Amino acid sequence: MEAWMTPDTEEGKRTPEKEGLEKMDLWGVDEEPEEEPDEEEESGSKTRGLEWFLGNIRDCIEFLAFCWAFLMLTVFPVYVIDRYQDIGAYKFSFFSGVSRLLLVPGCVLAAIYLAGKAVWMKGQGMLWLSSWKERISGLDLCVMAYLVCNLISYALSDYKQEAWDGVSGWNMGLKTQVFMIAAYFLLSRFLVFRRNGSYTRSFHAILIGAMAGSGAAFLLGVLHRFGIDPFGFYEGLDETYQLLFLSTIGQATWYSSYVCTVFPIGLCLFFCSEKRRVRFWTGIYCALGFMTIVTQNSDSAFAAMALLFLGLFLFSASRPKRLERFLEILILCGASFKAMGIAQQIFAQRAMSLGRLSTAFSQGSISWFILLLGASIYILLLKMEEKKGEEGLEKAWEKLRIGRRLRAAAAALALLAVAGCVAFIALNTSGLLERWFGISSDNQYLLFNDNWGSNRGFTWKTSAEIFASMPARKKLFGVGPDCFMPYSYGIPEFASRLNDYWKPNVLTNAHNEYLNLLICIGLAGMLAFVAMLIAAAVRFSRKGAQYPLALMGMLTVCAYAAHNFFCYQQVCCTPFLFLILALAERIVRDGVQEKTERNTIIEEGTAVPPA
């Protein structure tokens with residue numbers, strides 16, 4: 001990779017003199033002392049024995065964490081038992097099974113490791129607590145706060161069984177929350193992605209597995225939208241329901257959530273890599289991702305892509321080379337959308353009829369606009385680079401503060417667009433727009449009534465009233481994790497209203513993750529979760545300049561936060577949020593650790609790596 005994307009320079013390479021320096025552990029101290037203790041001291045053998053024991057414990061934890069991440073990213077998306085019959089329950093059973101098999105013993109071993117490390121540090125005269133504090137990030141604190149809020153909500157809940165297991169099919173109760181948070185800390189602390197200045201095989205395996213598993217799901221999702229069903233998923237399924245299910249994930253909204261959460265892994269690799277082979281395969285992956293996004297038929301995915309592109313642009317605008325990469329992704333997006341539109345017109349008899357927004361992006365002029373806009377600016381940048389040279393363009397970019405101005409303009413336009421849409425919908429719905437300007441619209445996106453957003457208008461209004469009616473304690477800590485349904489249907493007034501509107505179906509959540517969290521784990525829990533998303537986005541966008549692959553954490557947060565404004569937590573997406581945040585956190589920690597090692601070598605007067 002070039003210097004614009006990665007901090008890996010010649011000074012980051014290991015020299016023979018550096019090989020004796022062991023990796024820094026979780027608490028910021030050497031796993032093994034560089035020098036042998038005095039043989040005359042009786043405690044020396046005990047220290048070496050404890051170090052050997054702790055080293056083996058850590059290796060076991062690393063293996064368990066790697067297996068969990070690999071299985072979730074590679075096998076989970078394609079794990080299917082009986083087509084779409086109870087697919088949510090089967091997906092959860094897979095997640096729960098591998099978590100019990102791998103995360104539970106991993107946590108037990110981690111507790112043993114940390115206790116042993118505390119004993120070892122005490123024997124070395126080191127302060128365990130001060131070292132521990134130095135290795136806790138703001139993101140870690142937010143994740144811990146989210147865990148605490150879930151525990152308090154469960155302890156105060158009147159629905160202990162429901163709060164532990166969660167709603168059947170969704171299963172986002174306390175058990176799942178604990179598994180996800182345990183995975184975050186195990187992966188971010190005990191996986192090792194970099195050794196001797198390069199990425200490890202385990203890291204390559206995780207990335208390749210992630211793209212293989214999700215890529216297979218993407219490809220099948222595209223095929224399903226053209227009536228091609230090679231594995232017989234639609235056998236016995238009425239045609240009226242085929243639009244609601246696709247690929248190996250199941251329900252279209254679940255599939256949309258999954259795609260938007262894991263897609264940033266491959267997108268980030270395409271953005272960062274300098275190797276042609278890597279860019280070729282990740283380019284194919286990204287094209288598949290954009291193709292399935294424009295055909296999966298969930299409007300939430302377009303909101304996710306909008307915020308993802310905004311986040312990537314804000315990072316890219318600071319340097320022209322980064323902006324070129326952003327424009328390449330924009331061109332690929334527009335071309336993929338248009339390719340699907342052309343295919344839908346050519347194979348009109350096979351292509352499924354999609355919603356208005358999906359059709360507009362694939363067959364309408366929007367995809368042409370995206371493609372031509374990206375290509376025009378890309379060509380302009382290349383011409384400027386050819387005229388001024390790379391260094392000259394970089395200097396002019398910095399001198400004129402072009403990056404700062406572009407970021408400010410993009411942020412302002414985004415805020416104005418959101419504020420304008422909300423204001424228009426509010427004025428149109430209230431009738432003020434017609435009264436003041438003589439215009440109105442009954443467009444499904446611009447009139448906020450009960451039917452707005454596939455009945456989200458009714459659901460959101462009712463959910464807001466449920467939260468408003470809750471006592472103060474429940475407003476603060478909620479009614480229990482994933483307990484929206486038992487609580488709302490336990491109040492006669494709301495039960496009657498929900499039954500009248502949804503019967504024979506049952507409303508299990510608010511279909512807005514933030515509103516749902518307000519009711520389930522209260523204001524404290526919702527704020528902790530939002531703080532976690534913000535902390536992750538800020539941390540990984542700042543660290544992205546030094547550790548480019550950490551950008552996958554920021555991009556995942558952007559896509560997830562926007563998508564689940566219209567959706568909810570479920571096992572096909574939320575565990576992957578915590579998993580990818582853990583991977584990004586580990587990437588940052590490995591990079592910081594290597595720098596710490598280099599600084600230690602310099603301070604101790606040993607051989608300095610060549611500049």
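Since we're looking at a predicted model, the values are computed, not measured. One is the number of the first residue; the rest follow in order along the sequence.
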Write down the atom of [X], the atom of [Y], and the distance for their closest heavy-atom approach.
X	Y	value
F576	V571	CE1-O, 4.3 Å
C286	L332	CB-CD2, 3.6 Å
V167	D482	N-OD2, 2.8 Å
V259	F218	CG2-CE2, 3.6 Å
Y489	N499	CE2-OD1, 3.5 Å
S463	I519	O-CD1, 3.5 Å

For [X], ring pair (Phe, Tyr, Trp, His ring centres under 6.0 Å) partners two or more places apart:
X	result
Y487	none
F369	none
Y560	none
H511	Y568

Donor-acceptor contact present, side-chain [X] to main-chain [Y], <3.5 Å:
X	Y	result
S488	M485	yes
S367	Q363	no
R325	S273	yes
S188	A582	no
N516	A510	yes
R456	G453	yes
N512	F565	yes
Q296	I293	yes
S257	T253	yes
S362	S358	yes

Can you list everything that forms a side-chain hydrogen bond (donor to acceptor under 3.5 Å, both in side chains) with [X]? Sequence neighbours excluded, please.
X	value
D238	T240
N451	Y501
D59	none
R225	none

Cation-pi, [Y] ring and [X] (6.0 angstrom, 45 degrees):
X	Y	result
R350	F226	no
R322	F315	yes
R279	F270	yes
K91	Y79	no

Is the ring centre of [X] less than 6.0 Å from the ring centre of [Y]?
X	Y	answer
F233	F245	no
Y234	H224	yes
F193	Y199	no

May I ask you to test the [X]-[Y] pair for a side-chain heavy-atom distance under 4.5 Å?
X	Y	result
F540	V557	no
E513	F566	no
F76	C572	yes
L220	P230	yes
L223	D229	no
W68	L187	yes
L288	S336	no
M291	T295	no

Name the residue from L147, L186, T176 that meets the side chain to side chain contact (heavy atoms under 4.5 Å, CB included) definition with I181.
L147
Step by step, would you call Y255 with T292 a side chain to side chain donor-acceptor pair (under 3.5 Å)?
CA-CA 10 Å; Y255 177 73; T292 197; 2.5 Å; yes
Here the salt bridge (Lys or Arg N to Asp or Glu O under 4.0 Å) pairs for residues 62-88, sequence neighbours left out, are E62-R195, R83-E235
Please collect all salt bridge (Lys or Arg N to Asp or Glu O under 4.0 Å) contacts where either partner lies in residues 558-574, sequence neighbours excluded, each pair once.
none
Can you tell me how the ring of F95 sits relative to the ring of F92, calling it parallel under 30°, perpendicular over 60° and tilted otherwise?
tilted
Would you please classify the geometry between the F361 ring and the F337 ring as parallel, tilted or perpendicular, with 30° and 60° separating the classes?
perpendicular
Suppose we screen for side chain to side chain contact (heavy atoms under 4.5 Å, CB included). Which residues come up paired with W368, at least two apart in sequence or across chains?
K338, L371
Are there more than 12 heavy atoms of other residues, nucleotides or ligands under 6.0 Å from atom [atom1] of [X]?
X	atom1	value
K275	NZ	no
F63	CZ	no
W281	CH2	no
Y445	OH	yes

Is a donor from one side chain sitting under 3.5 angstrom from an acceptor on the other, for [X] and [Y]?
X	Y	value
S256	H563	yes
R100	S96	yes
Q251	Q570	no
E328	Y378	yes
Y285	S214	yes

Straight-line distance of [X] [atom1] to [Y] [atom2], nearest 0.5 Å:
X	Y	atom1	atom2	result
L174	N150	CG	CG	6.0 Å
L551	C272	CG	SG	5.5 Å
L498	N505	CG	CG	12.0 Å

Write out all pairs satisfying side-chain hydrogen bond (donor to acceptor under 3.5 Å, both in side chains) with one or both partners inside residues 163-175, taking only residues at least two apart or from two chains.
Q161-D165
